[in-house]
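What follows is a short report on a single structure.
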Amino acid sequence: MSATTAEAAAKKSAISTIGNKKKDIPVSLTSRFLQHFSEQLYSSPNKAFEELLANAWDANARSAYVYLPEDVKADDAAIYVLDDGGSMDDHGLEDLWKVAYSNKLGQDVTSTGRAIIGKFGIGKLATYVLANELTYICKASDGVIRVVTMDYSTLNAGEQQLIENLSLPLREV
């Protein structure tokens, strides 16, 4: 005999509230999860660049530039992806770092009518396979230049380090 959807929901609700609450248990992810997730999702640097260029497309960029150093393994090597698309203010940069969150959910086209490519909020993780450090430099419509840097090397990839209470400094230039 199968329960109806309402009966199943009532049973789940009753089970999930049984007993007296003692405390809250925080949910955390490990740096190892980030490593495996990113490497599986973006198995090649080409896919990672594709994701970054898709972000430029979704920002209505008319031009996008990719710079690769001659020696990508050099200590001072830097990769640049530059575009002239719509930029992010404080709120936009905060939304950017809500992993697996997208304010584009439910949108099919950009403000200029382009078909939206990214809708899952995970594209920023593509950079994990490209570099240890990722910096966004944004000049929003208010004229303020904002800078946010994620340093993946501080997360000790491959280890069981918990990622919790992680925050990134937002700087103005």
Side-chain angles (χ1 to χ4, degrees), residues 26-104 110 112 114 116-173:
V27 176
S28 301
L29 298 174
T30 65
S31 51
R32 195 169 172 173
F33 170 82
L34 175 63
Q35 177 188 11
H36 289 302
F37 181 79
S38 297
E39 288 174 354
Q40 292 300 313
L41 196 59
Y42 303 102
S43 56
S44 77
N46 291 344
K47 291 301 288 179
F49 279 112
E50 180 182 316
E51 184 64 40
L52 294 171
L53 293 171
N55 290 345
W57 172 267
D58 286 351
N60 291 316
R62 293 180 313 269
S63 300
Y65 304 91
V66 176
Y67 168 80
L68 295 170
E70 285 186 35
D71 182 5
V72 294
K73 297 198 185 282
D75 288 340
D76 63 346
I79 298 169
Y80 299 98
V81 178
L82 309 168
D83 70 66
D84 62 356
S87 197
M88 294 175 278
D89 58 12
D90 291 19
H91 182 69
L93 287 164
E94 289 170 9
D95 280 353
L96 171 72
W97 284 105
K98 293 176 183 172
V99 177
Y101 165 86
S102 175
N103 59 7
K104 296 183 269 183
T110 68
T112 62
R114 291 181 178 177
I116 291 180
I117 297 172
K119 295 184 181 180
F120 302 111
I122 56 176
K124 78 246 344 121
L125 299 181
T127 59
Y128 184 89
V129 300
L130 295 175
N132 288 327
E133 189 176 282
L134 166 68
T135 299
Y136 282 87
I137 303 171
C138 302
K139 183 177 180 182
S141 59
D142 61 6
V144 176
I145 299 173
R146 294 169 177 86
V147 181
V148 175
T149 298
M150 165 60 96
D151 184 354
Y152 293 119
S153 69
T154 64
L155 301 179
N156 299 322
E159 295 183 12
Q160 291 294 337
Q161 174 190 2
L162 293 179
I163 300 172
E164 51 191 354
N165 302 321
L166 178 65
S167 61
L168 305 175
L170 173 61
R171 302 177 309 279
E172 289 186 2
V173 180

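The figures that follow rest on heavy atoms only: side chains count, while hydrogens, waters and symmetry mates do not.
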Sidechain-backbone polar pair: [X] side chain, [Y] backbone, donor-acceptor under 3.5 Å:
X	Y	result
R114	W57	yes
T30	F33	yes
D58	I117	yes
D84	S63	yes

**Study point:** Atom NZ of K47 with >12 non-hydrogen neighbours under 6.0 angstrom
**Key:** no
Check your understanding: Is the count of non-hydrogen atoms from other residues, nucleotides or ligands lying under 6.0 Å from Y101 atom OH greater than 12?
Key -> yes
Practice item. On the 0 to 90° scale, with breaks at 30° and 60°, tag the Y67-Y80 ring pair as parallel, tilted or perpendicular. Key: tilted
Exercise for review: Give the C-alpha distance, both sets of side-chain angles, the deciding distance and a yes or no for side-chain contact (heavy atoms from CB on, under 4.5 Å) between W97 and L170.
Suggested key: CA-CA 11 Å; W97 284 105; L170 173 61; over 6 Å; no
Which distance, rounded to the nearest 0.5 Å, do you find between the [atom1] of [X] and the [atom2] of [Y]?
X	Y	atom1	atom2	answer
N132	T127	CG	OG1	10.5 Å
Y136	M150	OH	CE	10.0 Å
M88	K139	CE	NZ	15.5 Å

Practice item. For the residue pair T149 and R171, confirm or rule out a side-chain donor-acceptor distance under 3.5 Å. Key: yes
Practice item. Please test V144 against D89 for side-chain contact (heavy atoms from CB on, under 4.5 Å), starting from the C-alpha separation and ending with a verdict. Key: CA-CA 8 Å; V144 176; D89 58 12; over 6 Å; no
Check your understanding: Mind checking whether L130 and L52 have side chains closer than 4.5 Å, heavy atoms only?
Key -> yes
